[in-house]
Amino acid sequence: MSAPVLAAYSYCEAVTGQQARNFAYGIRLLPTDKRNAMSALYAFSRRVDDIGDGMLDPGVKQARLEETRALLDRVRAGTVDDDDTDPVAVALSDTARRFPIPLEGLDELIDGVLMDVRGETYETWDDLKVYCRCVAGAIGRLSLGVFGTQAGARSTERAGDYADTLGLALQLTNILRDVREDAANGRTYLPSDDLAKFGCSAGFRGATPPEGSDFTGLVHFEVRRARALFAEGYRLLPLLDRRSGACVAAMAGIYRRLLDRIERDPLAVLRGRVSLPGHEKAYVAVRGLSGLDARTISRTQLRRRI
């Protein structure tokens with residue numbers, strides 16, 4: 001690996017460590033080549049997200065996103081040189097040469113952020129799933145390109161579906177955690193059908209839910225949906241090698257514990273950002289590295305077959 005490529009990966013790893021603590025916890029468990037690749041994917045994704053979340057006018061955001069898509073086209077065409085001035089492009093290009101990542105997943109991410117820029121809302125869960133698959137399911141499929149599947153594992157043809165579903169579970173957990181922050185930024189992600197069902201159509205702009213609403217009921221309803229997605233997505237774990245499975249188990253485990261906290265105290269998401277302390281994240285990482293979650297899922301699948 002050339003010095004410029006090493007420097008590019010170092011830059012991407014620094015971005016990941018500063019901007020994505022939960023994600024960074026998981027990828028620490030990977031060998032160097034896979035950790036580098038995941039950092040490159042994150043750094044490019046972070047750039048796309050930052051454009052969508054920034055303070056620019058919508059027209060400027062759309063132009064910036066299309067410029068980023070043009071950069072992705074250069075990566076896809078293999079025309080980014082090692083000494084290019086953009087370290088993210090250099091690292092992503094090297095990753096694309098080393099791993100069979102489906103780069104069209106990053107196009108989907110750009111499409112999802114364009115939905116944010118246009119201010120799209122979602123009437124049903126089926127509508128919201130389209131958005132979640134763009135911004136999170138696609139990342140799951142990209143990550144699977146880095147992880148690969150374990151030789152001899154059963155049902156590896158379903159790995160992409162499981163990765164996609166696990167991405168949906170993480171994104172729905174994010175949506176619940178950030179419901180007040182998103183409302184303050186003029187965004188509503190939860191399906192309008194669900195909001196109406198629980199009397200929450202007025203939205204969430206303060207530390208208390210809309211008067212007369214069943215906010216707790218809404219949160220518990222969405223938590224059950226997220227848990228079902230986690231249960232399906234976790235079937236990915238036995239298909240991965242030990243360290244890749246540990247990485248996924250750590251990242252997903254952190255979000256599943258966030259979901260537990262939200263379920264216990266639904267109003268907490270209106271008071272502030274729900275998070276896990278560092279020692280609890282470390283415990284989840286150790287649990288993932290032990291392979292406990294993967295073994296549990298494997299035993300469950302075996303019992304079902306019997």
Side-chain angles (χ1 to χ4, degrees), residues 20-26 122 125 128-129 131-132 135-136 140 165-185 187-237 246-290 292-297 300:
R21 293 176 183 174
N22 292 344
F23 186 84
Y25 244 95
Y122 309 96
W125 167 238
L128 180 59
K129 274 197 295 189
Y131 170 78
C132 291
V135 299
T165 300
L166 194 55
L168 265 64
L170 300 180
Q171 186 62 26
L172 183 54
T173 304
N174 264 337
I175 288 171
L176 285 173
R177 182 194 63 186
D178 298 340
V179 65
R180 181 178 175 183
E181 180 181 331
D182 289 333
N185 291 325
R187 294 177 181 171
T188 301
Y189 291 104
L190 290 175
S192 56
D193 280 0
D194 295 352
L195 296 175
K197 180 179 179 180
F198 292 95
C200 295
S201 297
F204 315 105
R205 294 189 175 276
T208 56
E211 186 175 352
S213 67
D214 181 11
F215 181 74
T216 295
L218 171 67
V219 170
H220 286 167
F221 178 78
E222 304 297 349
V223 166
R224 288 194 296 273
R225 174 175 281 156
R227 287 197 187 286
L229 293 168
F230 272 116
E232 178 71 7
Y234 260 56
R235 297 176 75 176
L236 175 66
L237 294 183
C247 172
V248 174
M251 289 189 288
I254 288 170
Y255 278 87
R256 199 164 63 166
R257 283 174 173 261
L258 282 175
L259 199 66
D260 291 342
R261 289 194 168 208
I262 291 169
E263 183 180 37
R264 288 195 298 269
D265 183 8
L267 292 176
V269 298
L270 297 181
R271 295 194 298 267
R273 191 179 184 90
V274 178
S275 61
L276 296 185
H279 68 83
E280 194 166 346
K281 292 180 183 180
Y283 168 77
V284 173
V286 170
R287 180 185 171 94
L289 194 58
S290 74
L292 179 61
D293 292 322
R295 291 196 298 273
T296 300
I297 293 161
T300 300

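For reference, positions follow the sequence shown, starting with 1.
Of all the heavy atoms in Glu222 and Leu172, the pair that sits closest is O-CD2, 3.7 Å. Considering every non-hydrogen atom in both Pro210 and Ala202, the closest pair reads CB-CB, 4.1 Å. The two residues Ala226 and Thr173 have their closest heavy-atom pair at CB-OG1, 4.3 Å. Closest heavy-atom contact between Tyr234 and Gly253: OH-N, 3.3 Å. Here the shortest heavy-atom pairing between Ala183 and Arg205 reads O-NH1, 3.0 Å. Ala169 and Leu229 make their closest contact through CB-CB, 3.6 Å (heavy atoms, listed as atom of the first residue, atom of the second, distance).
Note that CG of Leu267 is 12.0 Å distant from CD1 of Ile262, once rounded to the nearest 0.5 Å. If you take CZ on Arg235 and CG on Leu166, they are separated by 13.0 Å, rounding to the nearest 0.5 Å. Going from atom CH2 of Trp125 over to atom CG of Asp193 covers 13.0 Å, rounded to the nearest 0.5 Å. Put simply, CG on Leu270 and CZ on Phe215 are 4.0 Å apart, with the number rounded to the nearest 0.5 Å. Expressed to the nearest 0.5 Å, how far CG of Asp214 lies from SG of Cys200 amounts to 7.0 Å. Taking CE of Met251 as the start and CZ of Arg256 as the end, the distance is 14.5 Å to the nearest 0.5 Å.
At a threshold of 4.0 Å, the pair Arg177-Asp182 does not count as salt-bridged, since none of the basic side-chain nitrogens sits closer than that to a carboxylate oxygen.
Partner of Leu259 under the side-chain contact (heavy atoms from CB on, under 4.5 Å) criterion, out of Leu170, Leu176, Ile254, Val274: Leu176 alone.
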Please lay out, stage by stage, how Phe204 and Leu218 fare under the test side chain to side chain contact (heavy atoms under 4.5 Å, CB included). CA-CA 12 Å; Phe204 315 105; Leu218 171 67; 3.8 Å; yes
Checking side chain to side chain contact (heavy atoms under 4.5 Å, CB included) for the pair Asp178/Arg273: CA distance, chi angles, key distance, verdict? CA-CA 7 Å; Asp178 298 340; Arg273 191 179 184 90; 3.2 Å; yes
Tyr255 and Asn174: side chain to side chain contact (heavy atoms under 4.5 Å, CB included), yes or no, with the steps? CA-CA 8 Å; Tyr255 278 87; Asn174 264 337; 3.3 Å; yes
Please step through side chain to side chain contact (heavy atoms under 4.5 Å, CB included) for the pair Ile175 and Leu128, ending with a clear verdict. CA-CA 11 Å; Ile175 288 171; Leu128 180 59; 4.1 Å; yes
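Contact annotation: the side chain of Asp194 approaches that of Arg225 to within less than 4.5 Å [non-hydrogen atoms, C-beta and beyond]. Side-chain contact between Leu195 and Thr188: present, with at least one pair of heavy atoms (C-beta onward) separated by less than 4.5 Å. Residues Arg227 and Asp260 meet the side-chain proximity criterion, which asks for heavy atoms closer than 4.5 Å.
When atom types are taken as modelled, the side chain of Asp265 and the backbone of Arg261 share no donor-acceptor pair closer than 3.5 angstrom.
Ring pair Tyr189/Tyr122 is parallel by interplanar angle, where below 30° counts as parallel and above 60° as perpendicular.
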